[in-house]
Enquirer: 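First the structure, which I've put down as structure tokens, then a few questions once you've had a look.
Along the sequence shown, residues carry numbers from 1.
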Amino acid sequence: MPHASSTGLGRLGLPPTILAVLFDLDGVLTQTSVLHRTAWKQTFDPILAAHGQSEFTEAEYAAHVDGRRRYDGVRAFLASRGIHPPEGTPADGPEAETVCGIGNRKNSEVGRRLAADGVATYPGSVAYLHAVRAAGLRTAVVTASANGADVLAAAGLSDLLEARVDGVIAARDNLPGKPAPDTFLAGARALGVAPAQAAVIEDAIAGVQAGRAGSFGYVVGVDRLDQAAELAANGADVVVSDLAELLEGAAS
């Protein structure tokens, strides 16, 4: 097991009690959050138009969908608009007008876009991940995405993360999605650390809520959607626009 040094932790801007870092994926390590927003909009707008309603907005993405498992996101957003499709089952095809069918439709669009466009990372986040490893901390990714393994492989990050808890694993183990803390707690267990010894890094409001609900040792909010105040209000101990700021702040 890696051994964290106090000098390394100081450079990372983390408390001295932290032994592991749990990273969200989309919007924290990779720029796939833009891909997800686009896929959600393409999925939701025809449904909204059929109900005579206005288009899906970025603010609604942040409030109802970002950080959540896809069926939870479908359910939460459509309910906010007064639309309640039947639940269906995960085996529903993408043409089905059910919660699961709509979620699968969105996932099909994500897969198509990943194959066509690949995956871009955030350079500051990759630098921070390397610094975390160099400091001797354990690392895991905790994401609502069912495409976690493929995205990490395409981004070249798989070898830097010791454990992965994604939407596939959460469904297999019946883990509630964020804002419930269960997936982050599973990530901490996979690394053999207590929640108080782990830092959570998240860009979604639901994610920082999950970090706070799980009593994790430190919660970092990454502001990608101009919601710094909301991230802080919902549980982030510190909010940055890029993870490189933590390295720069510690060095200044």
Enquirer: To the nearest 0.5 Å, what is the distance between CG (D223) and CD (E245)?
Expert: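 The CG atom of D223 sits 9.5 Å away from the CD atom of E245.
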
Enquirer: With clusters defined by side-chain heavy atoms of hydrophobic residues (ILVMFWY) lying less than 4.5 Å apart, directly or transitively, does V126 cluster with V34?
Expert: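 No; V126 is not reachable from V34 via cluster members.
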
Enquirer: On a heavy-atom basis, which atom in A170 and which in T183 lie closest, and how many Å separate them?
Expert: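 So the minimum-distance heavy-atom pair works out to CB-CG2, 4.0 Å.
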
Enquirer: Rounded to the nearest 0.5 Å, what separation is found between the NE2 atom of H130 and the CG atom of L160?
Expert: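 If we round to the nearest 0.5 Å, H130:NE2 and L160:CG are 4.5 Å apart.
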
Enquirer: Which is it for L137 and I18 under the side-chain contact (heavy atoms from CB on, under 4.5 Å) test, yes or no, and what are the steps along the way?
Expert: CA-CA 8 Å; L137 274 70; I18 297 300; 3.8 Å; yes

Enquirer: Search all heavy atoms of I205 against all heavy atoms of L231 and return the closest pair with its distance.
Expert: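 Nearest pair, atom of I205 first, then L231: N-CD2, 4.0 Å.
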
Enquirer: Between atom CZ of F77 and atom CD1 of I102, what is the distance when rounded to the nearest 0.5 Å?
Expert: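 If I round to the nearest 0.5 Å, the distance is 10.5 Å.
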
Enquirer: How long is the gap from CZ on R133 to CG on D159, to the nearest 0.5 Å?
Expert: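 It is 8.5 Å, given to the nearest 0.5 Å.
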
Enquirer: Are the side chains of P86 and V99 in contact, using a 4.5 Å heavy-atom criterion?
Expert: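 No, too far: nothing below the 4.5 Å cut-off.
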
Enquirer: Can E109 and K106 be counted as an ion pair, charged N to O under 4.0 angstrom?
Expert: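 Judged by the 4.0 Å cut-off on N to carboxylate O distance, E109 and K106 do not form a salt bridge.
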
Enquirer: State, to 0.1 Å, how close A210 and F184 come at their nearest heavy-atom pair, and which atoms those are.
Expert: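 Smallest interatomic distance, heavy atoms only, reads CB-CD1, 3.8 Å.
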
Enquirer: Are L247 and Y128 packed together at the side-chain level, in the sense that at least one heavy-atom pair is separated by less than 4.5 angstrom?
Expert: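 They are in contact (side-chain heavy atoms under 4.5 Å apart), so the answer is yes.
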
Enquirer: Using the salt bridge (Lys or Arg N to Asp or Glu O under 4.0 Å) criterion, which residues pair with E95? Sequence neighbours excluded.
Expert: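 Partners of E95 under the salt bridge (Lys or Arg N to Asp or Glu O under 4.0 Å) test: none.
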
Enquirer: Do D26 and T32 meet the criterion of a side-chain donor-acceptor pair at a distance under 3.5 Å?
Expert: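 Short answer, yes.
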
Enquirer: Which heavy atom of A236 sits nearest a heavy atom of G221, and at what distance?
Expert: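 Residues A236 and G221, closest heavy atoms: CB-N, 3.8 Å.
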
Enquirer: Quick one: does W40's side chain get under 4.5 Å of R70's, heavy atoms only?
Expert: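 A side-chain contact under 4.5 Å exists here.
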
Enquirer: Taking a hydrophobic cluster as the set of Ile, Leu, Val, Met, Phe, Trp and Tyr residues connected by side-chain heavy atoms closer than 4.5 Å, whether directly or through intermediates, do V119 and L129 fall within one such cluster?
Expert: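 Yes, V119 connects to L129 through the hydrophobic network.
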
Enquirer: Please enumerate all residues that pass side chain to side chain donor-acceptor pair (under 3.5 Å) together with R189, with sequence neighbours excluded.
Expert: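 If we apply the side chain to side chain donor-acceptor pair (under 3.5 Å) test to R189, skipping adjacent residues, there are no hits.
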
Enquirer: What pair of heavy atoms forms the shortest contact from V219 to G235, and how long is it?
Expert: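 That closest heavy-atom pairing would be CB-O, 3.6 Å.
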
Enquirer: Side-chain donor-acceptor pairs under 3.5 Å in residues 41-48, sequence neighbours left out?
Expert:
residue: K41; atom: NZ; partner: D45; partner atom: OD2; Å: 2.9
residue: K41; atom: NZ; partner: E55; partner atom: OE1; Å: 3.0
residue: K41; atom: NZ; partner: F56; partner atom: O; Å: 3.1
residue: Q42; atom: OE1; partner: R113; partner atom: NH2; Å: 3.1
residue: T43; atom: OG1; partner: A39; partner atom: O; Å: 2.8
residue: D45; atom: OD1; partner: F56; partner atom: N; Å: 2.8

Enquirer: Do L29 and T121 pass the side-chain contact (heavy atoms from CB on, under 4.5 Å) test, and can you show the C-alpha distance, the side-chain angles, and the key distance before you say yes or no?
Expert: CA-CA 6 Å; L29 293 175; T121 59; over 6 Å; no

Enquirer: Ignoring hydrogens and angles, write down the donor-acceptor pairs under 3.5 Å from the side chains of residues 144-153, residues two or more places apart or on other chains.
Expert:
residue: S145; atom: OG; partner: N147; partner atom: N; Å: 2.9
residue: N147; atom: ND2; partner: N107; partner atom: OD1; Å: 3.0

Enquirer: Show me the donor-acceptor pairs within less than 3.5 Å that the side chains of residues 171-182 make with the rest of the protein, sequence neighbours left out.
Expert:
residue: K178; atom: NZ; partner: D24; partner atom: OD1; Å: 3.1
residue: K178; atom: NZ; partner: V142; partner atom: O; Å: 3.0
residue: K178; atom: NZ; partner: E202; partner atom: OE2; Å: 2.5

Enquirer: So, do I169 and R164 sit near enough that their side-chain heavy atoms are less than 4.5 Å apart?
Expert: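 Yes, side chains in contact.
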
Enquirer: Working note: I83 + Q53, criterion side-chain contact (heavy atoms from CB on, under 4.5 Å); need CA distance, chi angles, decisive distance, verdict.
Expert: CA-CA 10 Å; I83 302 171; Q53 297 192 23; 3.9 Å; yes

Enquirer: Do L243 and V220 have side chains that approach each other closer than 4.5 Å (heavy atoms only, starting at C-beta)?
Expert: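 When only atoms from C-beta onward are counted, V220 and L243 do touch, with a gap below 4.5 Å.
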
Enquirer: Got H36 and V110 here, is their nearest side-chain heavy-atom distance under 4.5 Å?
Expert: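 H36 reaches V110 side chain to side chain.
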
Enquirer: So which atom in L14 and which in A199 form the shortest heavy-atom distance, rounded to 0.1 Å?
Expert: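 Minimum heavy-atom separation between L14 and A199: CD2-CB, 4.1 Å.
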
Enquirer: Say you draw a straight line from OG1 of T143 to CG of D166; how long is it, rounded to the nearest 0.5 Å?
Expert: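 So the OG1 of T143 and the CG of D166 are separated by 7.0 Å.
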
Enquirer: Quick one: side chain to side chain donor-acceptor pair (under 3.5 Å) partners of R75, sequence neighbours excluded?
Expert: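 Here the qualifying residues are D72, E87.
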
Enquirer: With a 4.0 Å cut-off on N to O distance, would you call D66 and R37 a salt bridge?
Expert: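 No.
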
Enquirer: What's the spacing between L12 CG and Y218 OH if we round to 0.5 Å?
Expert: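 If we round to the nearest 0.5 Å, L12:CG and Y218:OH are 11.5 Å apart.
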
Enquirer: Give the C-alpha distance, both sets of side-chain angles, the deciding distance and a yes or no for side-chain contact (heavy atoms from CB on, under 4.5 Å) between L246 and R11.
Expert: CA-CA 8 Å; L246 294 177; R11 181 171 180 261; over 6 Å; no

Enquirer: Would you find a donor on one side and an acceptor on the other, under 3.5 Å apart, between the side chain of R105 and the backbone of P94?
Expert: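 Flag set: sc R105 to bb P94 pair under 3.5 Å.
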
